[in-house]
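This structure is a prediction, so every number in the text was calculated from the model and none was measured.
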2 protein chains.
Amino acid sequence: MGTTQLEATQDVQEPKYWHLKTVLNDALDSEFSVGEILPNERDLAARFGVARATLRQALEQLELEGRLQRRRGVGTTVAPPRMGVAVGPVDNAWPGIGNDTWRTVGCAEAVAPAAVARLFDSGAGVPVHTIRRERVMNGQPVATELLYVPAESVPGLPGLLSPASHAPAVLRELQRLDLEGEDRAVELGSARAEDAKQLDRLPGAPVLVVTTRYFAAGQVAAVAISTYRADTCRLTFGDTGTVEVTPHEEQERRQAS
Amino acid sequence: MGTTQLEATQDVQEPKYWHLKTVLNDALDSEFSVGEILPNERDLAARFGVARATLRQALEQLELEGRLQRRRGVGTTVAPPRMGVAVGPVDNAWPGIGNDTWRTVGCAEAVAPAAVARLFDSGAGVPVHTIRRERVMNGQPVATELLYVPAESVPGLPGLLSPASHAPAVLRELQRLDLEGEDRAVELGSARAEDAKQLDRLPGAPVLVVTTRYFAAGQVAAVAISTYRADTCRLTFGDTGTVEVTPHEEQERRQAS
DNA sequence: AAGTGGTCTAGACCACATT
DNA sequence: ATGTGGTCTAGACCACTTC
C-alpha cells in the first residue's frame, strides 16, 4: 500500500471515498492475505491524507461487500470469501428435519405480530408457536430465525409443555403434515438489536432477510423469517443440487482462523 | 412528528441515531403517506436537536430498509412498499424467452473477466458474448444484467453480425439448447458506476447481486450476473407459482406516482 | 492503561434539480 | 438563484478488547 498519498490526478466528479475504496480494494488483493489486520483507521487516514470520516466511508463499503471485517476494540481484518449457504429448496422439507445446520435456542407462545400475521391466510390475532433457531457454519453464527407456527396448524399438541420439550413437539407435529410447497423471498434489512447480538454484530448491521412460507392443506401452515449476515453469506438456491464450497474457498477460510 | 426534541429519557448505551431511527420509523407509519416529502435534513436535524450527520445516519438506514427514498436536489420522500420481483425458477427457461420483463440494451464480444471465468468449467481466457439487459417494472428500472455466453456454447453463429442483430442471434442459439437446470446465488453488493447509472442511483448504492448459472450438456452454458436495487426490490423465489402483488401493495404503489 | 473501532458535533463546500 | 441531498473536514468523546 506504500506511503502514497492519494494521487492528485483524481478525476473531479469522483468522490474521494470512492477512489479510496478502489485503491484499498486493489491493495487487499495484492498486498494482504486473509485474516491479516490492517493499520488502524487514524493511521490509514493520515497515510492517504483524508479525514478519518472519509476513510471510514470507504471501509464501510468494503465491509458491506464482504472484503473486510471490523471489530470494535480489536481492529480491521481482511475477510475470507463469503460462505455459500444453501437456503433451499435443496431439501424441500419441513424445518427441523434430520441433522440440519439449525439449532433451536428458544420458543414461546403468543399472538403473531402484525407484519407476520399478514403472511397467513387468517387475518390478525392468530395465536402462534414461536420458535427461535440459529444456524452455525464453519464455527460461526450465520443466521437467526423466527419460525411461526399457527396453533391451528398443529392441533394435536397437548396443552401444557415444559419449555424444553415445547419446540421439538411443535416441529414433530409439523412434520406429520403433508408439505405441498414452499415459497421464498429475499430482501435487504438491518439487524434488530436481538438478532445482531446472536449474529455477533452491532445493531443495524446489514442482513439478508429470507421469508419462507410453508404450505399444507392449501394453507400457509408455517412462516419462517430468517436473518442472514449479509457480510459473510452468499445465499444459494440450488435447482441442480447443492453448490458446494470449492477447495480454493475452503483453504482461504481456514487461513482466517 | 411534532416539535419534539429527542426525549432525554434516552437509555444510555443506545446510540442517538438508532433511537432517532425508530422515532422516524414510527412517524412514517402514523403521520405520513407514501410519496409524501419530508422536511429537509437541516430542519429535521434542528427539530430533533442533533447534528446533521447524525440525522443522516438514521435516514441512511431507513433508506436501506426501503422506507425512504432520497434524491439529490429534490428531497426525501416516503417510499412505497418494496416490489416483489420474481427471479425464478418461475419459468425454468433460457433468458429472453417469450415476452419477459427484460430488455436488451447492448452487447459485445470479449474475454470473460476473471471473476466470471471462475464460474465456467473451462478456465480463464474464455471468449464470450456479453449481453447487457435491463429489467423494468412499474415503469422504473429495477435491475441490470450482464449475460455471459461462451462462444463454444453457441457454435452455430455466423461470423460477423451487425450490433442490432447480434444479441437476438445469441439468445436464439441459446434457446435451441436443452436446458438441464439452473443454479442461483444471492449476495449483497454495491452498485458499480455503470450499473448505478442504469438503476438511477448513485454509485455505491446497495444492490442484490443474483448469479445464475445455466446448465446444458453437463456444462455451464451461460452465466448471468443480475444487479437488483436493494432499496426497492424484494426478490421472490416461488416454488408454488409466482407470488403476486397483493391488492394492498398495488394500491400503495399507485399513490407514490 | 492503552489502543481499537463507533458515535457525534458544527461547520464548509459541492453537485444537482427546480424555479 | 435557490434549495436539496452528497461529500468532506478536524476535532471530541465513548464502548470495547487486550495487555
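- Residue Tyr17(B) places at least one side-chain N or O under 4.0 Å from the OP1 or OP2 atom of dT7(C).
- In this structure Ser190(A) satisfies the side chain to side chain donor-acceptor pair (under 3.5 Å) test together with Lys21(B), Gln61(B), Glu65(B), sequence neighbours excluded.
- In this structure, the NZ atom of Lys21(A) is 17 Å from the P atom of dG6(D), given to the nearest Å.
- If you measure from atom NE2 of His19(B) to atom P of dC8(C), you get 12 Å, rounded to the nearest angstrom.
- Atom CZ in Arg201(A) sits about 13 Å away from atom P in dG5(C), given to the nearest Å.
- Contact check, Asn40(B) against dT4(D): a side-chain N or O comes under 4.0 Å of OP1 or OP2.
- For Glu194(A), the salt bridge (charged side-chain N to carboxylate O under 4.0 Å, His left out) criterion is met by Arg132(A), not counting sequence neighbours.
- Between the CG atom of Leu20(A) and the P atom of dT7(D) there is a distance of 13 Å, rounded to whole Å.
- With sequence neighbours excluded, no residue satisfies side chain to side chain donor-acceptor pair (under 3.5 Å) with Arg42(B).
- At a cut-off of 3.5 angstrom, the base of dG5(C) holds at least one donor-acceptor pair with the side chain of Arg42(A).
- For Arg192(A), the salt bridge (charged side-chain N to carboxylate O under 4.0 Å, His left out) partners at least two apart in sequence or on another chain are Asp195(A).
- Nucleotide dC16(D) holds its C1' atom 14 Å from the CD atom of Glu41(A), rounded to whole Å.
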Would you tabulate the pairs of protein nitrogen or oxygen atoms and nucleotide nitrogen or oxygen atoms of nucleotides 16-18 of chain C closer than 3.5 angstrom?
none

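- Of the residues in residues 51-66 of chain A, those placing a heavy atom less than 4.0 Å from an atom of DNA chain D are Ala51(A), Arg52(A), Ala53(A), Thr54(A), Gln57(A), in numerical order.
- Remark: Thr76(B) is not in phosphate contact with dT4(D), judged by side-chain N or O atoms under 4.0 Å from OP1 or OP2.
- In this structure, the CD1 atom of Ile37(B) is 11 Å from the C1' atom of dG3(D), given to the nearest Å.
- By the salt bridge (charged side-chain N to carboxylate O under 4.0 Å, His left out) test, Glu63(A) pairs with Arg70(A), Arg201(A), sequence neighbours left out.
- Note on ring orientation: taking the six-membered ring where Trp is involved, the planes of Phe237(A) and Phe237(B) are parallel (angle under 30°, cut-offs 30° and 60°).
- Every residue meeting the side chain to side chain donor-acceptor pair (under 3.5 Å) condition with Asn25(A), not counting sequence neighbours, appears here in chain and number order: Arg67(A).
- Using modelled atom types, no side-chain atom of Arg135(A) and backbone atom of Tyr228(A) make a donor-acceptor pair closer than 3.5 Å.
- In terms of the salt bridge (charged side-chain N to carboxylate O under 4.0 Å, His left out) criterion, Arg71(B) has no residue partners (sequence neighbours excluded).
- Distance Trp18(B) CH2 to dG6(C) C1': 14 Å, rounded to the nearest Å.
- One atom, NZ of Lys16(A), and another, C1' of dA10(D), lie 13 Å apart when rounded to the nearest Å.
- A sub-4.0 Å separation between OP1 or OP2 of dT4(C) and a side-chain N or O of Arg71(A) is absent.
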